[in-house]
Participant: 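Please read through the structure below; I'll follow up with questions.
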Amino acid sequence: MNKILWVDDEIDLLKPHIMFLTSKGYEVDTCNNGYDAVDMIGSTSYDLVILDEMMPGMTGLETLPLIKAAQPSLPVIMVTKSEEENIMDKAIGSKIADYIIKPVNPNQVLLSIKKNLHSAQLVTEQTTADYRSEFGRITAQQQSASTFQEWSALYRKIVGWEIELDGSSDKSIREVLSYQKNEANQEFSKFVRRNYFNWINQRCDEEEIPVMSHTLMRRRIFPEVDNATKTTLLLIDNMRYDQWRIIEPLLRGLFDITTDDFYCAILPTATQYARNALFAGLMPLAIDRLMPDKWLNDNEDGGKNMYEEEFLRRLITQSGKSYRLSFDKLVRPEAGRRLVENMQRIYDADFSVIVYNFLDILSHARTETDIIRDLTDDEASFRSLTRSWFEHSELYTLLKLLSERGHNVIVTSDHGTIRVDNPIRVTGDKETSSNLRYKTGRNLAYNAREVYEVTRPEDVQLPAGRLSSSYIFAYNRDFLVYNNDANKFIRYYKNTFQHGGISMEEMIVPFVVMKPKKR
């Protein structure tokens, strides 16, 4: 039973209201002045206080800070006769939970109490009911999805429900959603397997081919740059749509979001392939053939993403553009701080590009660091950690500065990540790549029904390398492990975030355009 303290100098006149609350299951103590209220709060544990603003001796506004000093988290509902704005501002500034204008109505009081004491429970119950009614529609949408746009719409809906249910105490309904998402990913994997070759080789109608990594610059980004005075492209490595959704509310006060869309990352959904393709405007096979000194295969030593700025400048020139370009790749926090201190070159550029690698680092840290694993033991906590990082990052500061200077901002990623939990065993020689979501090599052995296999890499515009390698890609939440020491690797990598394969999380990448709010 919740315990309430009602403080009012005319408390005797409020007996009908108190009896009404008692009938609803609340225990209500009363007093008629602020001094007694502070003493009672010091000696008794209350769940909520209803406090009259106009009392002789010590007013409600004078009593409120003493209550907060004794019990900082105790919700206080202020009751006032006055509708004067300055009184309400003072009350709200003193962190009241709610306020009610006299004469009070019993149902109005009850509603305010429910809002402050039971909102989480009520929201959980209503959200659960809403999702149950939506379950069938999501299933039908999954069964009928036949284009990338339709799959993107389904993914948007599923992510929306994930975020809605993050705060739910109903574990069973979250498990139902997880099952439904897993089922959707299985069907999405089949969809990609059926269509990927035709997309890459333009063997289908043009409207059926989604914007992909290697066409994103020409089809989506350059047109935005052409239509704005100043544009900044912010590419956050490894950012999934749910992570974008969790940081988006922080940016609503700075920008108007004019485009909230998706594009399709190429395979492998790994930085070496997808990001190079994005900046070069070319598939990896074309990069390897045109600029062989700037492409390294998986089994070759050296940095795999060292020429992104050069690729982009080449693409800009070939596209007949003459943008003044600035390009920054931020891998460590100190690089972000240095950029904040030296923003002028970004302000001077027509088109500025900022590659921010933190989420990639966070994903790997979750694999390698026990404390990060403990902090992010499920998808909801991983989203929460993403928001906490962003809110205190130099990236947030950068976006505030760009908004103040009137820059349009494009936010996207090169690929997403997925939490893996189902090991698939493969064998290969010592030259086989180490990625858990795809493998490339000469002597791969595997169950062809468990993976998407590409035995001729040129068929999907991928370099074979000097080893005439084939590629295999993991589906959904699978991860690829070698038979040697398999159990050791399964224990280490199960429930970690990986990328390189086929899933909605990895391939359906957010593409957002924001315009600064007018000031």
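Treat the numbers as computed from the prediction; the structure is a model and nothing was measured.
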Participant: Pick one: which of K515, K517, K518 meets salt bridge (charged side-chain N to carboxylate O under 4.0 Å, His left out) with D256?
Facilitator: K517
Participant: Between V420 and N495, is any pair of side-chain heavy atoms under 4.5 Å apart?
Facilitator: no
Participant: Test D242 against every option in R156, R383, K181 by the salt bridge (charged side-chain N to carboxylate O under 4.0 Å, His left out) rule and name the one that passes.
Facilitator: R383
Participant: Is E394 salt-bridged to K400, going by a charged N under 4.0 Å from an acidic O?
Facilitator: no
Participant: Establish, for the pair R193 and Y452, whether the NZ or CZ atom is under 6.0 angstrom from the six-membered ring centre and no further than 45 degrees off its axis.
Facilitator: no
Participant: Decide ring-ring contact (aromatic ring centres under 6.0 Å, His included) for F279 and F327; before the verdict, give the C-alpha distance in whole Å, the side-chain angles of both, and the deciding distance to 0.1 Å.
Facilitator: CA-CA 11 Å; F279 284 121; F327 193 101; 5.4 Å; yes
Participant: List the steps and the verdict of ring-ring contact (aromatic ring centres under 6.0 Å, His included) for F382 and F497.
Facilitator: CA-CA 10 Å; F382 195 55; F497 288 91; 4.2 Å; yes
Participant: Is there side-chain contact between P284 and I266, with heavy atoms separated by less than 4.5 Å?
Facilitator: yes
Participant: Does the distance from a Lys or Arg side-chain N to an Asp or Glu carboxylate O, for R174 and E162, drop under 4.0 Å?
Facilitator: no
Participant: When you compare the side chains of Q180 and T139, does any donor N or O come within less than 3.5 Å of an acceptor on the partner?
Facilitator: yes
Participant: Let's go through W244 and F511 carefully: what are the C-alpha distance in whole Å and the side-chain angles of both, what is the deciding distance for ring-ring contact (aromatic ring centres under 6.0 Å, His included) to 0.1 Å, and is it a yes or a no?
Facilitator: CA-CA 10 Å; W244 160 249; F511 178 83; over 10 Å; no
Participant: Assess the side chains of T496 and Q498: does a donor N or O sit below 3.5 Å from an acceptor N or O?
Facilitator: yes
Participant: Is there a side-chain contact between S319 and F222 (heavy atoms, below 4.5 Å)?
Facilitator: yes
Participant: So, are D237 and R275 salt-bridged, with charged N and O less than 4.0 Å apart?
Facilitator: yes
Participant: In plain terms, say whether R313 and E310 are close enough for a salt bridge, that is, a side-chain N and a carboxylate O under 4.0 Å apart.
Facilitator: no
Participant: Taking T259 for the side chain and V513 for the main chain, is one N or O donor matched with an acceptor at less than 3.5 Å?
Facilitator: no
Participant: Would you list the pairs meeting side chain to side chain donor-acceptor pair (under 3.5 Å) in which at least one residue belongs to residues 201-210, sequence neighbours left out?
Facilitator: N201-Q461
Participant: Do Y155 and E505 have side-chain atoms, one donor and one acceptor, less than 3.5 Å apart?
Facilitator: no
Participant: One pair to check against side-chain hydrogen bond (donor to acceptor under 3.5 Å, both in side chains): S352 and T232. What are the steps and the verdict?
Facilitator: CA-CA 5 Å; S352 50; T232 297; 2.6 Å; yes
Participant: Less than 4.0 Å between a side-chain N and a carboxylate O, is that true for R338 and E341?
Facilitator: no
Participant: Mind checking whether I173 and L177 have side chains closer than 4.5 Å, heavy atoms only?
Facilitator: no
Participant: Tell me which one of W199, Y196, Y475 satisfies ring-ring contact (aromatic ring centres under 6.0 Å, His included) with F191.
Facilitator: W199
Participant: Flag the pair I508 / F148 as yes when at least one side-chain heavy-atom distance between them is below 4.5 Å, and no otherwise.
Facilitator: yes
Participant: Could you verify whether a donor N or O on one side chain and an acceptor N or O on the other, from S433 and T440, lie under 3.5 Å apart?
Facilitator: no
Participant: For D298, is there an ion pair with K304 - N to carboxylate O distance below 4.0 angstrom?
Facilitator: no
Participant: Will you find, in the side chains of Q344 and D348, an N or O donor that is under 3.5 Å from an N or O acceptor?
Facilitator: yes
Participant: Compute the centroid of each ring, for F489 and then for Y482, and state whether the two points are separated by less than 6.0 Å.
Facilitator: no
Participant: For a quick check under 3.5 Å, do H407 and T231 share a side-chain donor-acceptor pair by atom type?
Facilitator: no
Participant: Regarding T386 and Q243, do their side chains bring together a donor and an acceptor under 3.5 Å, going by distance alone?
Facilitator: yes
Participant: Does the side chain of N487 pick up a donor-acceptor pair with the side chain of Y492 at under 3.5 Å?
Facilitator: no
Participant: In terms of the angle between their ring planes, are Y307 and F311 parallel, tilted or perpendicular, with boundaries placed at 30° and 60°?
Facilitator: tilted
